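To keep things clear, I will list the structure first and then write my remarks on it.
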Amino acid sequence: SSIYADVQQGPAIEVFALTQAFRDDVNTPKVNLSVGAYRTDEGQPWVLPVVRKTEVSIATDETINHEYLPVTGLDTFTRAATELVLGADSIAIKEKRAFGVQTISGTGALRVAAEFLFRQLKRNTVYYSNPTWENHHKIFADTGFTSLNSYRYWDQNKRQLDLEGMLADLDKAPAGAVIILHACAHNPTGMDPTQDQWKKIADLIERKQLFPLFDSAYQGFASGDPDLDAWAIRYFVDRGFELFVCQSFAKNFGLYCERVGNLTIVQRSGATRDPIHSQITLLIRGLYSNPPAYGARIVSKVLNTPALRQEWMDCIKGMSSRIREMRKLLREKLVELGTPGNWDHIVNQIGMFSYTGLNEKQVAVLIKEYHIYLLKTGRINMCGLNTGNIEYVAKAIHAAVT
Ligand code: PMP
(Lines give C-alpha, C1' and ligand atoms only; values in the text may rest on other atoms or scores of the structure.)
Protein backbone atom coordinates (compact mmCIF):
# COMPACT_ATOMS: atom_id res chain seq x y z
CA SER A 1 0.00 0.00 0.00
CA SER A 2 1.02 3.63 -0.40
CA ILE A 3 3.14 5.38 2.23
CA TYR A 4 0.47 8.09 2.06
CA ALA A 5 -2.38 5.75 2.92
CA ASP A 6 -2.78 7.00 6.47
CA VAL A 7 -2.96 10.72 5.63
CA GLN A 8 -6.32 11.94 6.86
CA GLN A 9 -8.44 14.39 4.92
CA GLY A 10 -8.26 17.76 6.70
CA PRO A 11 -11.19 20.10 7.24
CA ALA A 12 -12.02 22.64 4.52
CA ILE A 13 -11.08 26.30 5.07
CA GLU A 14 -14.46 27.98 5.37
CA VAL A 15 -13.87 31.17 3.33
CA PHE A 16 -12.34 29.33 0.40
CA ALA A 17 -15.01 26.62 0.49
CA LEU A 18 -17.73 29.29 0.40
CA THR A 19 -16.14 31.04 -2.55
CA GLN A 20 -15.99 27.74 -4.41
CA ALA A 21 -19.64 27.04 -3.55
CA PHE A 22 -20.51 30.51 -4.82
CA ARG A 23 -18.71 29.85 -8.12
CA ASP A 24 -20.47 26.51 -8.52
CA ASP A 25 -23.89 28.00 -7.76
CA VAL A 26 -25.79 28.31 -11.06
CA ASN A 27 -28.66 30.34 -9.59
CA THR A 28 -29.15 34.06 -10.10
CA PRO A 29 -29.08 36.37 -8.39
CA LYS A 30 -26.22 35.23 -6.19
CA VAL A 31 -23.92 37.27 -3.97
CA ASN A 32 -20.54 36.47 -2.45
CA LEU A 33 -20.11 38.22 0.90
CA SER A 34 -17.49 35.82 2.24
CA VAL A 35 -13.94 36.35 1.00
CA GLY A 36 -12.03 39.43 2.18
CA ALA A 37 -11.27 41.34 -0.99
CA TYR A 38 -12.40 44.70 -2.34
CA ARG A 39 -14.99 44.84 -5.11
CA THR A 40 -16.12 47.81 -7.18
CA ASP A 41 -19.72 48.93 -7.39
CA GLU A 42 -19.86 46.67 -10.45
CA GLY A 43 -18.86 43.75 -8.25
CA GLN A 44 -15.43 43.43 -9.87
CA PRO A 45 -11.92 43.14 -8.41
CA TRP A 46 -10.05 46.45 -8.63
CA VAL A 47 -6.46 47.10 -9.63
CA LEU A 48 -5.65 50.52 -8.20
CA PRO A 49 -4.83 52.77 -11.18
CA VAL A 50 -1.68 53.97 -9.39
CA VAL A 51 -0.58 50.35 -8.99
CA ARG A 52 -1.19 49.57 -12.68
CA LYS A 53 0.78 52.63 -13.73
CA THR A 54 3.66 51.73 -11.43
CA GLU A 55 3.68 48.14 -12.69
CA VAL A 56 4.11 49.40 -16.24
CA SER A 57 6.95 51.69 -15.29
CA ILE A 58 8.72 48.92 -13.38
CA ALA A 59 8.25 46.43 -16.23
CA THR A 60 9.95 48.77 -18.68
CA ASP A 61 12.72 49.90 -16.33
CA GLU A 62 15.92 48.43 -17.81
CA THR A 63 17.84 49.02 -14.59
CA ILE A 64 15.69 46.50 -12.72
CA ASN A 65 16.75 42.85 -12.80
CA HIS A 66 15.70 39.66 -11.06
CA GLU A 67 18.60 39.10 -8.72
CA TYR A 68 17.77 37.88 -5.20
CA LEU A 69 16.69 40.46 -2.66
CA PRO A 70 18.50 40.45 0.69
CA VAL A 71 16.99 37.92 3.15
CA THR A 72 15.13 40.72 4.98
CA GLY A 73 13.89 42.31 1.79
CA LEU A 74 13.96 45.54 -0.13
CA ASP A 75 15.37 48.29 2.04
CA THR A 76 13.45 51.18 0.44
CA PHE A 77 10.25 49.20 0.99
CA THR A 78 10.80 48.23 4.63
CA ARG A 79 11.76 51.79 5.52
CA ALA A 80 8.70 53.26 3.82
CA ALA A 81 6.44 50.62 5.40
CA THR A 82 7.81 51.28 8.87
CA GLU A 83 7.38 55.03 8.38
CA LEU A 84 3.87 54.54 7.08
CA VAL A 85 2.79 52.69 10.18
CA LEU A 86 4.75 54.54 12.89
CA GLY A 87 4.63 57.97 11.24
CA ALA A 88 7.64 59.59 9.56
CA ASP A 89 8.18 61.74 12.66
CA SER A 90 7.94 58.82 15.09
CA ILE A 91 10.19 59.14 18.11
CA ALA A 92 11.15 55.46 17.74
CA ILE A 93 12.37 56.04 14.17
CA LYS A 94 14.23 59.22 15.13
CA GLU A 95 15.97 57.37 17.94
CA LYS A 96 16.82 54.51 15.57
CA ARG A 97 15.03 51.94 17.70
CA ALA A 98 12.53 50.77 15.10
CA PHE A 99 13.17 48.82 11.91
CA GLY A 100 11.30 46.66 9.45
CA VAL A 101 11.87 43.37 7.65
CA GLN A 102 9.99 42.38 4.53
CA THR A 103 7.64 39.41 4.89
CA ILE A 104 5.28 37.25 2.85
CA SER A 105 2.32 39.58 3.35
CA GLY A 106 0.61 39.90 6.73
CA THR A 107 0.45 36.16 7.33
CA GLY A 108 4.21 35.89 6.82
CA ALA A 109 4.81 38.81 9.18
CA LEU A 110 2.77 37.05 11.84
CA ARG A 111 4.58 33.77 11.29
CA VAL A 112 8.06 35.32 11.44
CA ALA A 113 6.97 37.27 14.55
CA ALA A 114 5.65 34.11 16.19
CA GLU A 115 8.79 32.13 15.35
CA PHE A 116 11.04 34.86 16.77
CA LEU A 117 8.97 35.19 19.94
CA PHE A 118 8.92 31.42 20.42
CA ARG A 119 12.55 30.63 19.66
CA GLN A 120 14.41 33.72 20.79
CA LEU A 121 12.24 35.11 23.57
CA LYS A 122 10.95 31.68 24.69
CA ARG A 123 7.34 32.80 24.66
CA ASN A 124 4.65 30.13 24.47
CA THR A 125 1.54 32.01 25.55
CA VAL A 126 -0.60 34.03 23.18
CA TYR A 127 -3.95 35.78 23.52
CA TYR A 128 -6.16 36.74 20.59
CA SER A 129 -9.61 38.26 20.56
CA ASN A 130 -12.80 36.22 20.57
CA PRO A 131 -13.64 36.24 17.74
CA THR A 132 -10.60 36.90 15.58
CA TRP A 133 -9.21 36.16 12.14
CA GLU A 134 -9.05 32.37 12.43
CA ASN A 135 -5.46 32.17 11.19
CA HIS A 136 -4.12 33.77 14.39
CA HIS A 137 -4.68 30.54 16.27
CA LYS A 138 -3.21 28.39 13.53
CA ILE A 139 -0.06 30.47 13.01
CA PHE A 140 0.85 30.44 16.70
CA ALA A 141 -0.16 26.81 17.21
CA ASP A 142 1.88 25.68 14.19
CA THR A 143 4.86 27.65 15.52
CA GLY A 144 4.75 25.71 18.77
CA PHE A 145 2.94 28.00 21.21
CA THR A 146 1.35 25.71 23.79
CA SER A 147 -0.88 28.17 25.62
CA LEU A 148 -3.37 29.54 23.10
CA ASN A 149 -6.02 31.74 24.67
CA SER A 150 -8.75 34.09 23.66
CA TYR A 151 -9.92 37.25 25.38
CA ARG A 152 -13.51 38.45 25.28
CA TYR A 153 -14.03 41.13 22.64
CA TRP A 154 -17.48 41.10 21.12
CA ASP A 155 -20.73 41.32 23.01
CA GLN A 156 -23.20 39.51 20.75
CA ASN A 157 -26.25 40.76 22.67
CA LYS A 158 -25.29 44.41 22.66
CA ARG A 159 -23.44 44.05 19.35
CA GLN A 160 -20.55 46.11 20.63
CA LEU A 161 -17.09 45.82 22.13
CA ASP A 162 -16.97 44.04 25.49
CA LEU A 163 -14.19 46.16 27.01
CA GLU A 164 -14.81 44.98 30.56
CA GLY A 165 -14.60 41.35 29.52
CA MET A 166 -11.49 42.04 27.47
CA LEU A 167 -9.70 43.74 30.36
CA ALA A 168 -10.77 41.06 32.84
CA ASP A 169 -9.42 38.29 30.61
CA LEU A 170 -6.13 40.07 29.88
CA ASP A 171 -5.75 40.71 33.59
CA LYS A 172 -5.36 36.95 34.01
CA ALA A 173 -2.60 36.65 31.38
CA PRO A 174 0.85 35.78 32.72
CA ALA A 175 3.64 38.39 32.35
CA GLY A 176 5.28 38.17 28.94
CA ALA A 177 2.21 36.77 27.18
CA VAL A 178 1.86 37.89 23.57
CA ILE A 179 -1.33 39.91 23.05
CA ILE A 180 -2.53 40.16 19.45
CA LEU A 181 -4.35 43.44 18.84
CA HIS A 182 -6.01 44.46 15.58
CA ALA A 183 -4.62 47.90 14.76
CA CYS A 184 -7.88 48.93 13.06
CA ALA A 185 -10.88 47.47 11.24
CA HIS A 186 -11.10 44.43 13.52
CA ASN A 187 -11.64 41.22 11.57
CA PRO A 188 -14.31 39.84 11.79
CA THR A 189 -16.39 42.23 13.90
CA GLY A 190 -15.54 45.60 12.31
CA MET A 191 -15.64 47.00 15.86
CA ASP A 192 -12.58 48.92 17.08
CA PRO A 193 -11.86 50.30 20.54
CA THR A 194 -12.25 54.06 20.93
CA GLN A 195 -9.14 56.10 21.78
CA ASP A 196 -10.25 56.17 25.37
CA GLN A 197 -10.67 52.40 25.41
CA TRP A 198 -7.21 51.94 23.84
CA LYS A 199 -5.75 53.91 26.74
CA LYS A 200 -7.29 51.50 29.23
CA ILE A 201 -6.00 48.55 27.21
CA ALA A 202 -2.50 50.06 27.17
CA ASP A 203 -2.63 50.69 30.94
CA LEU A 204 -3.40 47.05 31.58
CA ILE A 205 -0.82 45.70 29.13
CA GLU A 206 1.78 47.91 30.79
CA ARG A 207 0.80 46.99 34.33
CA LYS A 208 0.76 43.25 33.57
CA GLN A 209 3.94 43.42 31.47
CA LEU A 210 2.33 41.81 28.44
CA PHE A 211 3.75 42.01 24.92
CA PRO A 212 1.61 43.87 22.36
CA LEU A 213 1.65 42.52 18.83
CA PHE A 214 -0.33 44.70 16.44
CA ASP A 215 -1.83 43.08 13.38
CA SER A 216 -2.23 45.88 10.82
CA ALA A 217 -3.91 44.48 7.74
CA TYR A 218 -6.13 47.45 6.89
CA GLN A 219 -4.16 50.68 7.36
CA GLY A 220 -5.87 53.42 5.36
CA PHE A 221 -8.57 51.04 4.27
CA ALA A 222 -10.64 51.60 7.40
CA SER A 223 -11.04 55.37 7.71
CA GLY A 224 -9.41 56.39 4.43
CA ASP A 225 -6.64 58.08 6.47
CA PRO A 226 -3.52 55.96 7.15
CA ASP A 227 -2.51 58.18 10.07
CA LEU A 228 -5.84 57.84 11.80
CA ASP A 229 -5.84 54.06 11.26
CA ALA A 230 -2.41 53.82 12.92
CA TRP A 231 -3.45 55.85 15.94
CA ALA A 232 -3.46 52.98 18.43
CA ILE A 233 -0.03 51.71 17.37
CA ARG A 234 1.51 55.18 17.58
CA TYR A 235 -0.11 55.73 20.96
CA PHE A 236 1.55 52.57 22.31
CA VAL A 237 4.90 53.59 20.76
CA ASP A 238 4.67 57.07 22.29
CA ARG A 239 4.10 55.47 25.67
CA GLY A 240 7.38 53.63 25.32
CA PHE A 241 6.22 50.04 24.71
CA GLU A 242 8.45 47.52 22.97
CA LEU A 243 6.23 45.91 20.38
CA PHE A 244 5.77 44.25 16.99
CA VAL A 245 3.63 45.42 14.09
CA CYS A 246 2.66 42.95 11.36
CA GLN A 247 1.72 44.85 8.21
CA SER A 248 -0.10 43.63 5.15
CA PHE A 249 -0.35 45.56 1.88
CA ALA A 250 -2.92 43.14 0.46
CA LYS A 251 -5.98 45.33 1.04
CA ASN A 252 -4.70 48.90 1.04
CA PHE A 253 -2.80 48.38 -2.24
CA GLY A 254 -5.06 45.66 -3.65
CA LEU A 255 -1.96 43.46 -3.95
CA TYR A 256 -3.51 40.33 -2.43
CA CYS A 257 -1.63 37.69 -4.43
CA GLU A 258 1.69 39.51 -4.49
CA ARG A 259 2.30 38.87 -0.78
CA VAL A 260 3.70 42.21 0.31
CA GLY A 261 4.21 42.56 4.04
CA ASN A 262 6.46 44.02 6.69
CA LEU A 263 7.28 43.21 10.28
CA THR A 264 8.19 46.30 12.28
CA ILE A 265 10.13 45.82 15.51
CA VAL A 266 10.07 48.62 18.07
CA GLN A 267 12.70 48.40 20.82
CA ARG A 268 13.55 50.32 23.93
CA SER A 269 16.96 51.17 22.46
CA GLY A 270 18.73 50.69 19.13
CA ALA A 271 21.38 48.60 20.91
CA THR A 272 19.30 45.44 20.36
CA ARG A 273 18.81 46.08 16.65
CA ASP A 274 21.71 44.08 15.18
CA PRO A 275 21.21 40.90 17.23
CA ILE A 276 17.46 40.91 16.50
CA HIS A 277 18.09 41.60 12.82
CA SER A 278 20.60 38.75 12.57
CA GLN A 279 18.29 36.24 14.25
CA ILE A 280 15.34 37.20 12.03
CA THR A 281 17.65 36.89 9.03
CA LEU A 282 18.51 33.31 10.06
CA LEU A 283 14.86 32.50 10.68
CA ILE A 284 13.78 33.69 7.23
CA ARG A 285 16.76 31.97 5.63
CA GLY A 286 15.45 28.66 6.92
CA LEU A 287 11.84 29.38 6.05
CA TYR A 288 11.98 30.67 2.48
CA SER A 289 15.43 32.25 2.07
CA ASN A 290 14.28 35.62 0.75
CA PRO A 291 11.09 37.38 -0.22
CA PRO A 292 9.63 38.14 -3.66
CA ALA A 293 10.42 41.58 -5.07
CA TYR A 294 7.53 42.37 -7.38
CA GLY A 295 4.94 43.77 -4.97
CA ALA A 296 7.50 45.36 -2.67
CA ARG A 297 8.89 47.33 -5.61
CA ILE A 298 5.43 48.65 -6.40
CA VAL A 299 4.67 49.70 -2.82
CA SER A 300 8.13 51.19 -2.39
CA LYS A 301 7.87 53.28 -5.53
CA VAL A 302 4.38 54.53 -4.69
CA LEU A 303 5.13 55.42 -1.07
CA ASN A 304 8.47 57.05 -1.95
CA THR A 305 7.17 59.19 -4.83
CA PRO A 306 5.02 62.08 -3.53
CA ALA A 307 2.77 62.34 -6.59
CA LEU A 308 2.11 58.59 -6.66
CA ARG A 309 1.61 58.51 -2.92
CA GLN A 310 -1.08 61.16 -3.28
CA GLU A 311 -2.82 59.07 -5.95
CA TRP A 312 -2.74 56.11 -3.58
CA MET A 313 -4.25 58.22 -0.81
CA ASP A 314 -7.08 59.11 -3.18
CA CYS A 315 -7.61 55.41 -3.98
CA ILE A 316 -7.93 54.37 -0.34
CA LYS A 317 -10.29 57.27 0.28
CA GLY A 318 -12.41 56.02 -2.59
CA MET A 319 -12.49 52.42 -1.35
CA SER A 320 -13.22 53.29 2.26
CA SER A 321 -15.99 55.73 1.39
CA ARG A 322 -17.69 53.22 -0.90
CA ILE A 323 -17.71 50.78 2.02
CA ARG A 324 -19.12 53.39 4.39
CA GLU A 325 -21.79 54.20 1.83
CA MET A 326 -22.79 50.52 1.70
CA ARG A 327 -23.00 50.39 5.49
CA LYS A 328 -25.34 53.37 5.51
CA LEU A 329 -27.48 51.96 2.73
CA LEU A 330 -27.77 48.49 4.23
CA ARG A 331 -28.82 49.86 7.59
CA GLU A 332 -31.30 52.26 5.96
CA LYS A 333 -32.89 49.49 3.94
CA LEU A 334 -33.25 47.17 6.95
CA VAL A 335 -34.81 49.98 8.98
CA GLU A 336 -37.14 50.81 6.07
CA LEU A 337 -38.21 47.18 5.83
CA GLY A 338 -38.86 47.15 9.58
CA THR A 339 -36.52 44.21 10.06
CA PRO A 340 -36.65 43.24 13.76
CA GLY A 341 -33.65 44.29 15.82
CA ASN A 342 -31.36 47.26 15.96
CA TRP A 343 -29.01 47.68 12.98
CA ASP A 344 -26.97 50.65 14.21
CA HIS A 345 -23.92 48.42 14.66
CA ILE A 346 -23.57 48.16 10.89
CA VAL A 347 -22.70 51.85 10.67
CA ASN A 348 -20.76 51.88 13.94
CA GLN A 349 -18.42 49.22 12.59
CA ILE A 350 -15.54 50.07 10.28
CA GLY A 351 -13.52 48.47 7.51
CA MET A 352 -14.17 45.54 5.26
CA PHE A 353 -16.19 43.36 7.59
CA SER A 354 -19.38 43.52 9.53
CA TYR A 355 -20.54 41.15 12.20
CA THR A 356 -24.20 41.29 11.33
CA GLY A 357 -25.43 39.46 14.40
CA LEU A 358 -27.19 36.91 12.16
CA ASN A 359 -27.14 33.44 13.66
CA GLU A 360 -26.12 30.17 12.03
CA LYS A 361 -29.70 29.24 11.12
CA GLN A 362 -30.31 32.60 9.46
CA VAL A 363 -27.01 32.31 7.60
CA ALA A 364 -28.05 28.88 6.31
CA VAL A 365 -31.30 30.38 4.98
CA LEU A 366 -29.38 33.14 3.19
CA ILE A 367 -27.07 30.64 1.53
CA LYS A 368 -29.63 27.97 0.63
CA GLU A 369 -32.61 30.08 -0.33
CA TYR A 370 -31.05 33.33 -1.51
CA HIS A 371 -27.59 32.23 -2.74
CA ILE A 372 -25.97 34.86 -0.55
CA TYR A 373 -22.69 33.47 0.76
CA LEU A 374 -21.36 34.53 4.16
CA LEU A 375 -19.50 32.96 7.08
CA LYS A 376 -21.58 30.99 9.55
CA THR A 377 -20.66 33.50 12.27
CA GLY A 378 -22.69 36.09 10.35
CA ARG A 379 -19.64 37.98 9.13
CA ILE A 380 -20.12 39.72 5.79
CA ASN A 381 -17.64 41.45 3.54
CA MET A 382 -19.17 44.89 2.97
CA CYS A 383 -17.33 45.16 -0.36
CA GLY A 384 -19.48 42.39 -1.78
CA LEU A 385 -22.41 44.79 -1.56
CA ASN A 386 -23.11 47.29 -4.32
CA THR A 387 -25.94 49.49 -5.53
CA GLY A 388 -27.06 46.65 -7.78
CA ASN A 389 -27.50 43.95 -5.11
CA ILE A 390 -28.02 45.73 -1.81
CA GLU A 391 -31.81 45.79 -2.10
CA TYR A 392 -31.81 42.05 -2.76
CA VAL A 393 -29.51 41.37 0.19
CA ALA A 394 -31.51 43.57 2.58
CA LYS A 395 -34.77 41.83 1.63
CA ALA A 396 -33.13 38.43 2.05
CA ILE A 397 -31.82 39.36 5.51
CA HIS A 398 -35.28 40.62 6.40
CA ALA A 399 -36.81 37.33 5.30
CA ALA A 400 -34.19 35.28 7.16
CA VAL A 401 -34.76 37.21 10.39
CA THR A 402 -38.55 37.27 10.35
N1 PMP B 1 -4.60 39.80 9.70
C2 PMP B 1 -5.89 40.00 9.51
C3 PMP B 1 -6.73 40.41 10.67
C4 PMP B 1 -6.45 39.84 8.25
O5 PMP B 1 -7.76 40.05 8.08
C6 PMP B 1 -5.62 39.46 7.17
C7 PMP B 1 -6.19 39.29 5.81
N8 PMP B 1 -7.27 38.43 5.73
C9 PMP B 1 -4.27 39.26 7.44
C10 PMP B 1 -3.79 39.45 8.71
C11 PMP B 1 -3.20 38.88 6.46
O12 PMP B 1 -3.51 38.66 5.18
P13 PMP B 1 -2.37 38.54 4.10
O14 PMP B 1 -1.47 37.43 4.51
O15 PMP B 1 -3.11 38.25 2.85
O16 PMP B 1 -1.65 39.85 4.07
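Numbering of ligands and ligand atoms starts at 1, following listing order. Source: prediction; values computed, not measured.
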Using a plain distance cutoff, I'd like to know if Ser105 has any nitrogen or oxygen under 3.5 Å from a nitrogen or oxygen of ligand 1. yes
Identify the closest protein heavy atom to atom 11 (C) of ligand 1: which residue and atom is it, and at what distance? Trp133 CH2, 3.6 Å
Could you check, using the six-membered ring where one of them is a Trp, whether Phe236 and Phe214 have ring centers closer than 6.0 angstrom? yes
State the atoms of ligand 1, each with its element, that fall below the 4.0 Å cut-off from a heavy-atom position in Asn187. 3 (C), 4 (C), 5 (O)
among protein heavy atoms, the one nearest atom 3 (C) of ligand 1 is Asp215 OD2, 3.3 Å
With Phe140, the ring-ring contact (aromatic ring centres under 6.0 Å, His included) member among Tyr128, Tyr127, Phe145, Trp133: Phe145
Provide the number and element of each atom of ligand 1 under 4.0 Å from a heavy atom of Ala217. 1 (N), 2 (C), 4 (C), 6 (C), 9 (C), 10 (C)
Which atoms from ligand 1 have a heavy atom of Ser248 less than 4.0 Å away? 13 (P), 16 (O)
Quick check: Tyr256 with Tyr38 (ring centres under 6.0 Å apart)? no
If we number the atoms of ligand 1 from 1 as shown, the ones under 4.0 Å from a heavy atom of Thr107 are 11 (C), 12 (O), 13 (P), 14 (O)
Do Leu255 and Tyr294 have side chains that approach each other closer than 4.5 Å (heavy atoms only, starting at C-beta)? no
Let's go through Ser90 and Arg234 carefully: what are the C-alpha distance in whole Å and the side-chain angles of both, what is the deciding distance for side chain to side chain donor-acceptor pair (under 3.5 Å) to 0.1 Å, and is it a yes or a no? CA-CA 8 Å; Ser90 168; Arg234 294 177 191 180; over 6 Å; no
Per the side chain to side chain donor-acceptor pair (under 3.5 Å) rule, which among Gln20, Lys30, His371 passes with Asp25? His371
Please step through side chain to side chain donor-acceptor pair (under 3.5 Å) for the pair Tyr355 and His345, ending with a clear verdict. CA-CA 8 Å; Tyr355 234 38; His345 57 285; over 6 Å; no
Please state which part of Tyr218 comes within less than 4.0 Å of ligand 1, counting heavy atoms only: side chain, backbone, both or neither. side chain
Atom indices of ligand 1 within 4.0 angstrom of Arg259 heavy atoms, with elements: 13 (P), 14 (O), 15 (O)
Below 3.5 angstrom, do we get any N/O pair linking His136 and ligand 1? no
I need the nearest protein heavy-atom contact for atom 8 (N) of ligand 1: residue, atom name and distance, please. Lys251 NZ, 3.3 Å
N or O pair under 3.5 Å between Ala250 and ligand 1: no
Between Trp312 and the options Phe249, Phe253, Phe221, the ring-ring contact (aromatic ring centres under 6.0 Å, His included) test singles out Phe253
